[in-house]
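Below is one structure; the comments refer to it alone.
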Amino acid sequence: MRNLLRILGLYKYSISFWILVVFSFFFILNNNFFLKSYYFNSSNYISGTIFSLRNSFINYFELKSQNLEILDENNDLFAQILYYKSNKKSNTDTLNVRYRLISANVINNSINKNENYITLDKGSKDGVEVGMGVISSKGIVGKVQYISDNFSTLISLLNTSYYVSTLIKNTNTLSSLNWDAENPNKAKLLYIPKHINLNEGDSVITSSFNTIYPKGIGIGIIKHINKNINSNFYDIDIELFQSFYNLSHVYIIVDTQKEEKVLLELKNNDEE
Amino acid sequence: MMKNNILLFSLLMFMQVFVLNKILFFDYVLLAPYVLVLILYPYYKDSIITLVIGFLLGLIVDVFNDSLGLYSFISIIILYFKNSWVLKIIGEDKAEEISLMSIFNLGSLKFFNFSFPIVMLYYILLLIFESNAFFTLNAFFILFFSSISTYVFMILIQYLFLKLDLKNDWK
């Protein structure tokens, strides 16, 4: 026993080195580790506060472009109101509204990694929950991954491990969208068989197959179709509507009927 | 002196976390002030505390970067490698004498021999874990251009913030 302790004492430097290596490897590989989802991410109190402080400085320089963006958005909304008024289809029954929006500001964002995350200044105190979808006025942005009281971290659309169920508007074809870490303005459309006729310029929207995004939120347009690959599926590049370089203001989607839908689907599974 | 070092280290960490981590210059250049913290850190023989401090510094960068484990892993590997590498370059006696592994204490040639492989190692580890295609021309360009520009950046920072330590007249 004494010899064993002596050997351990001799090699304590190497042993502690290997222990720390194993620790950090465990951190890297284990994505759902509880310390990671509760404390060691950018939505925790300290980093969230610092990021929002930094954002309050940077925001001043972007006020003009943000104002223009909001004006554009207002124009669109106004046009929609006029359209509904003229068609007398306005839905005044607010009790039946399925989706509610929480507006939030982006306080940290990255685009040059393979797995990018975004930090927002709204958290569980404002009603944000894990798994909610996030959109901007132009298109989809991501999904809430971690939350704290006042901040939340999103898994960005620019994250190679994130897939979104999509629909090509013209042909009603279901497909999946994934980012290939090449260009922050482009993404890949997956699993579209070659017998379907597609055109460059077709628009791609969200499908109704998930409870995260409502159906019909814009994502992008088909930019390039490569048919000459050795596979049953097309190789399609789409150009995203939302530029992630200057993301500043986003909306978190609260689906009030999500629980109902999930419970119903669970029941179905149980019966099978 | 100690106070100044801590201030410099905090400044470098601040630059890493809030400014330079987000910018990719000319498609290939990613500056890493954080690696200078690891290089300047003084040599202590078989010091477990050095490893633990490196681990914690890496953890701080990780928390702000949402990449838990990556930078702590890189810092431990670099500190471990550095502790044996510095003995090959300048020998144990001199290594223990120096308070900071700066270009003024080592001399330009020895500083290059000492720090450039460490910078390369930093980018190799970063590229292996951050990008899914390591053996590509793109990754090679990033490794090459980033290492050179980070080396130049490190020298600039040292000339700006560190003064010549005249006590070490052996070099």
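Sequence lines set the chain letters: A, B, ... in the order given, protein chains first and strands last, and positions in each chain run from 1. Please read these numbers as outputs of a predicted model, since none were measured by experiment. The basis for the numbers below is simple: all heavy atoms, side chains too, and nothing from hydrogens, waters or symmetry mates.
Interface remark: B:Asn83 contributes side-chain atoms only to the contact with chain A (heavy atom separation under 4.5 Å). No part of B:Tyr71 comes within reach of chain A, as not one of its non-hydrogen atoms sits under 4.5 angstrom from that chain. For A:Asn108, the part sitting under 4.5 Å from any heavy atom of chain B is the side chain, from C-beta outward, and nothing else.
Crowding of A:Lys223 atom NZ: a count of heavy atoms from other residues, nucleotides or ligands under 6.0 Å not exceeding 12. Residue A:Asn232 qualifies as open at atom CG: its count of foreign heavy atoms under 6.0 Å is 12 or below. Heavy-atom contacts from other residues, nucleotides or ligands closer than 6.0 Å to CZ of A:Phe233 number more than 12. Within a 6.0 Å sphere centred on CZ of B:Phe81, other residues, nucleotides and ligands contribute more than 12 heavy atoms. Counted within 6.0 Å of CG on B:Leu160, heavy atoms from surrounding residues, nucleotides or ligands total more than 12; the atom is thus considered enclosed.
A side chain to side chain contact (heavy atoms under 4.5 Å, CB included) with A:Leu20 is found for one member of B:Ile77, B:Ile76, B:Leu79 and no other, namely B:Ile76.
For the atom pair B:Leu51 CG and A:Ser16 OG, the distance stands at 5.5 Å (nearest 0.5 Å). Remark: A:Thr119 OG1 to B:Phe64 CZ distance equals 10.5 Å, nearest 0.5 Å. One distance of note links OG1 of B:Thr50 with CZ of A:Phe17; it measures 13.0 Å at 0.5 Å rounding. To the nearest 0.5 angstrom, B:Leu30 atom CG is 10.5 Å from A:Lys113 atom NZ.
Within the 4.5 Å cutoff, no side-chain heavy atoms of A:Phe23 are placed close to those of B:Phe73. Looking only at side-chain heavy atoms (C-beta outward), A:Ser14 and B:Tyr80 come within less than 4.5 Å of each other.
Closest heavy-atom contact between A:Ser24 and B:Phe55: CB-CE1, 4.0 Å.
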